Amino acid sequence: MSIELSDQEVQRRESLKKLRDLGINPYPADLYPVTSYASDIKNKFEDGKKVCIAGRLMSQRVMGKASFAEILDSTGRIQVYFNRDEICPGEDKTLYNDVFKKLLDLGDFIGIKGYLFTTQVGEISVHVEEFSLLSKSLKPLPLPKTDSEGKVHDAFTDPELRYRQRYADLIVNPHVKETFIKRSKVISTMRNFFDEKGYMEVETPILQPIAGGATARPFMTHHNALDVPLYLRVANELYLKRLIVGGFDGVYEFAKDFRNEGMDRTHNPEFTVMEIYVAYKDYNWMMDFTEQMIEKVAVEVTGSTDVTVGENTINLKAPFKRITMRDSILEFTGFDINGKSEEELHAACKSLGIDTNPTMGKGKLIDEIFGEKCEGNYIQPTFITDYPIEMSPLCKRHRDNPELTERFELMVNGKEIANAYSELNDPIDQRERFEEQMKLSEKGDDEAMFIDQDFLRSLEYGMPPTSGMGIGIDRLVMLMTNNSSIQEVLFFPQMRPEKFQTGPDLESFKKVGVPGEWAEHVFKAGYSSVDELLMAKPTSVHQQLNGYRKKNKLEIEALQLDEVQAWFN
RNA sequence: GAUUCUGUAGCUCAGCCGGUAGAGCAAUACACUUUUAAUGUAUGGGUCCUGGGUUCGAAUCCCAGCGGGAUCACCA
């Protein structure tokens, strides 16, 4: 990031100074006694009613002695009307001519006291009697324009800028704000649903000595006092089950989980999962529970059980279709997986055109077939049940078939959004399953689980029959808000960090090899310390510095990449 | 990680068969007492992502790199 200010930023700083010269504090400390909000004013219009509103100035239309402006508050926009001679009844018209017309900028927070009226064109507006600056904005907003047909011009659409500067995105793109309001509603609806049933919201460790409960690469950290490695959790399942052992009937947690894996439009390194565990239930009960919950969320958030996603309309009214994995594969491939050996499954994959490798066991092969041939077909909500045992090391064996588990996943719009089990509570079976995982790991499967001895100990004390379910909140929100990218439903999706100018600096740069004539400019170009400089990529530093040189027309030779790389050794 | 698209003013974009930059909005100045994409007139504003190459001359062509998007791979 450059430290240079744009033209408009310079002008705003000058306005700031002029306001101070006029005795106006651009950042006053006292509260502002807001009585009304834009949406209430529009919905419950009362002619002549006195109001006091506050918000951001979003547009200004000056017509000589009268002006219209728009104020954006947390509920929306409202038009306000300024009349010069009412604001400035005496000879001195400074407040209107200078303060309002010149020194206020779009984006400033102002407070308005006035009364409601309707303009000749019929727009509900606030007739301003008094206004005050509440906070000055020094950076121009990327403001789009909306025409009379509601069409948006010059929309702020660049994904990089929108995600990096979500605050600006939220200000100028109302639909973005709407998405996040819905996200909050998804969560509060679920929370209410669970609380009404008497289940308890809990918190479990994010820093875990073993990243258990799922198979994924964890983020690793270190605890200094104990001098031990710790992991950011990839799941919280094993801790919630410990609480069921401890005697709670129903526990749930909205959890941030962390996985050190790739990022794409459905994956962010940190993401939110809701997991719930209920004692004395099985996976059949959990299916009923899940479909009721989803239906309720859809109605509360979208007002309907029909949700539009891309080109599809999805009906989320319970009950949902249920089909076993065996029947699903049979339906879409004609192949019956029942009782097949690993060799037969390899052969089947081959004939279906699915790539395999020798490390894949039966469970993985079946999962591949399902993923390739079946999963995408389930647009309408469907419970896929009875997964092979190799894929589900924490799930109870199926009551009718020891090769299977009592597990379901909920597919919607061709994607998995929830996963649930009748939980495995046989400690001996669980220990064997973990050992199976260790063997898979030795065979080369890097997704196998670690053994959590403390969890096994808790099971040995006895866990009641329990069903548990996890649901990806981000993906559920994507579904409910018709977004195809996870970045659209996270306030601050993970991005490569930006570099910023921070504080003063010494010329310790020279010690790592920065030429004398460059040291000062290295600092000005945004690297406030040697550490910061060396944290960056040499290629990036090289560009940053030469860019700075070019912009400021420095009379120094451009840096070569290998020259910059030498600083890093 | 692979492929591909992309990077030009505060924002959205044009210019890309090479001749050292344009539009709309935003900004500045003036005019205008019910406008609403307000209007009219005038003005200012650029690291054309970075470096190198080709060339008399590069935003434009070539090479290398950086950021971002999309698709794929990876990923309970």
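By convention in this document, chain letters (A, B, ...) are assigned in the order of the sequence lines, proteins followed by strands, and residues within each chain are numbered from 1. In this text the structure is predicted, and so the values were computed from the model without any measurement.
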Find the distance [X]:[atom1] to [N]:[atom2] and express it as a whole number of Å.
| X | N | atom1 | atom2 | value |
| --- | --- | --- | --- | --- |
| A/M58 | B/U35 | CE | C1' | 18 Å |
| A/I366 | B/A76 | CD1 | P | 17 Å |
| A/Q165 | B/G67 | CD | P | 18 Å |
| A/L161 | B/C49 | CG | C1' | 13 Å |
| A/E409 | B/A76 | CD | C1' | 8 Å |
| A/I354 | B/A73 | CD1 | C1' | 16 Å |
| A/R84 | B/C32 | CZ | P | 9 Å |
| A/E14 | B/A29 | CD | P | 10 Å |

Discussion item. Would you call the rings of A/F408 and A/F383 parallel, tilted or perpendicular, taking 30° and 60° as the class edges?
Written reply: perpendicular
Rounding to the closest angstrom, what is the interatomic distance between [N] and [M] at atom [atom1]?
| N | M | atom1 | result |
| --- | --- | --- | --- |
| B/G10 | B/C17 | P | 26 Å |
| B/C48 | B/U41 | C1' | 30 Å |
| B/A27 | B/G44 | C1' | 8 Å |
| B/G53 | B/A59 | P | 15 Å |
| B/C63 | B/G22 | P | 29 Å |

Considering only side-chain heavy atoms of [X], which listed nucleotide, [options], is closest?
| X | options | value |
| --- | --- | --- |
| A/V121 | B/U36, B/G67, B/C11 | B/U36 |
| A/R259 | B/G67, B/A76, B/A38 | B/A76 |
| A/Q120 | B/U33, B/U35, B/C74 | B/U35 |
| A/S125 | B/C74, B/U34, B/U35 | B/U35 |
| A/T119 | B/C11, B/C32, B/U36 | B/U36 |
| A/F156 | B/C11, B/G69, B/U34 | B/C11 |
| A/E123 | B/U33, B/G51, B/U36 | B/U36 |

[X] vs [N]: side-chain N/O to OP1/OP2 distance below 4.0 Å:
| X | N | value |
| --- | --- | --- |
| A/R265 | B/U71 | yes |
| A/T215 | B/A76 | yes |
| A/R61 | B/A38 | yes |
| A/R164 | B/G68 | yes |

Select base, sugar-phosphate, or nothing to describe what [X] touches, counting heavy atoms under 4.0 Å on all strands.
| X | result |
| --- | --- |
| A/D264 | base |
| A/Q487 | sugar-phosphate |
| A/E70 | nothing |
| A/V62 | base |

Discussion item. Could you identify the nucleotide paired to B/U12, looking across every strand shown and requiring Watson-Crick or G-U wobble geometry with both distances under 3.5 Å?
Written reply: B/A23
Worksheet item: In Watson-Crick or G-U wobble terms, both distances under 3.5 Å, what is the partner of B/A29?
Response: B/U41
Do you see a donor-acceptor pair shorter than 3.5 Å between the side chains of [X] and [Y]?
| X | Y | value |
| --- | --- | --- |
| A/E423 | A/T466 | no |
| A/E253 | A/T204 | yes |
| A/S485 | A/N483 | no |

Practice prompt. Using ring-ring contact (aromatic ring centres under 6.0 Å, His included) as the criterion, list what pairs up with A/F100, not counting sequence neighbours.
Written response: A/F82, A/Y96
Worksheet item: Does the salt bridge (charged side-chain N to carboxylate O under 4.0 Å, His left out) test come out yes or no for A/K241 and A/E237, once each step is laid out?
Response: CA-CA 6 Å; A/K241 287 186 190 171; A/E237 169 158 358; 3.0 Å; yes
Worksheet entry | Nearest atoms (heavy-atom pairs only) where A/R407 meets A/S392 | NH1-OG, 2.8 Å
Practice prompt. Check A/E9 against A/K139 and note the closest heavy-atom contact, atom names and distance.
Written response: OE2-NZ, 3.1 Å
Worksheet item: Which nucleotides of nucleotides 1-9 of chain B have their base under 4.0 Å from a protein heavy atom (B), which only their sugar-phosphate (S), and which neither (-), written as one string 5' to 3'?
Response: ---------
Grab the N/O contacts between the protein and nucleotides 23-28 of chain B below 3.5 Å, and write none if there aren't any.
{"residue": "B/G24", "atom": "N2", "partner": "A/D154", "partner atom": "OD1", "Å": "3.1"}
{"residue": "B/G24", "atom": "N2", "partner": "A/D154", "partner atom": "OD2", "Å": "3.1"}
{"residue": "B/A26", "atom": "OP1", "partner": "A/K145", "partner atom": "NZ", "Å": "2.9"}
{"residue": "B/A26", "atom": "N3", "partner": "A/Q8", "partner atom": "NE2", "Å": "2.9"}
{"residue": "B/A27", "atom": "O4'", "partner": "A/Q8", "partner atom": "OE1", "Å": "3.4"}
{"residue": "B/A27", "atom": "O2'", "partner": "A/Q11", "partner atom": "OE1", "Å": "2.2"}

Response to the item:
Hits for side chain to side chain donor-acceptor pair (under 3.5 Å) against A/K362, two or more places apart or cross-chain, chain-then-number order -> A/E403
Practice prompt. For A/M495 and for A/D85, find the nucleotide of RNA chain B with the closest heavy atom, then tell me which residue's nucleotide is more 5'.
Written response: A/D85
Worksheet entry | Residues which pass salt bridge (Lys or Arg N to Asp or Glu O under 4.0 Å) with A/R242, listed by chain and number, not counting sequence neighbours | A/D452, A/D454
Worksheet entry | Residues forming a side chain to side chain contact (heavy atoms under 4.5 Å, CB included) with A/K65, sequence neighbours excluded | A/R84, A/D85
Discussion item. Using side-chain heavy atoms (C-beta onward) and a distance below 4.5 Å, is A/R475 in contact with A/F271?
Written reply: no
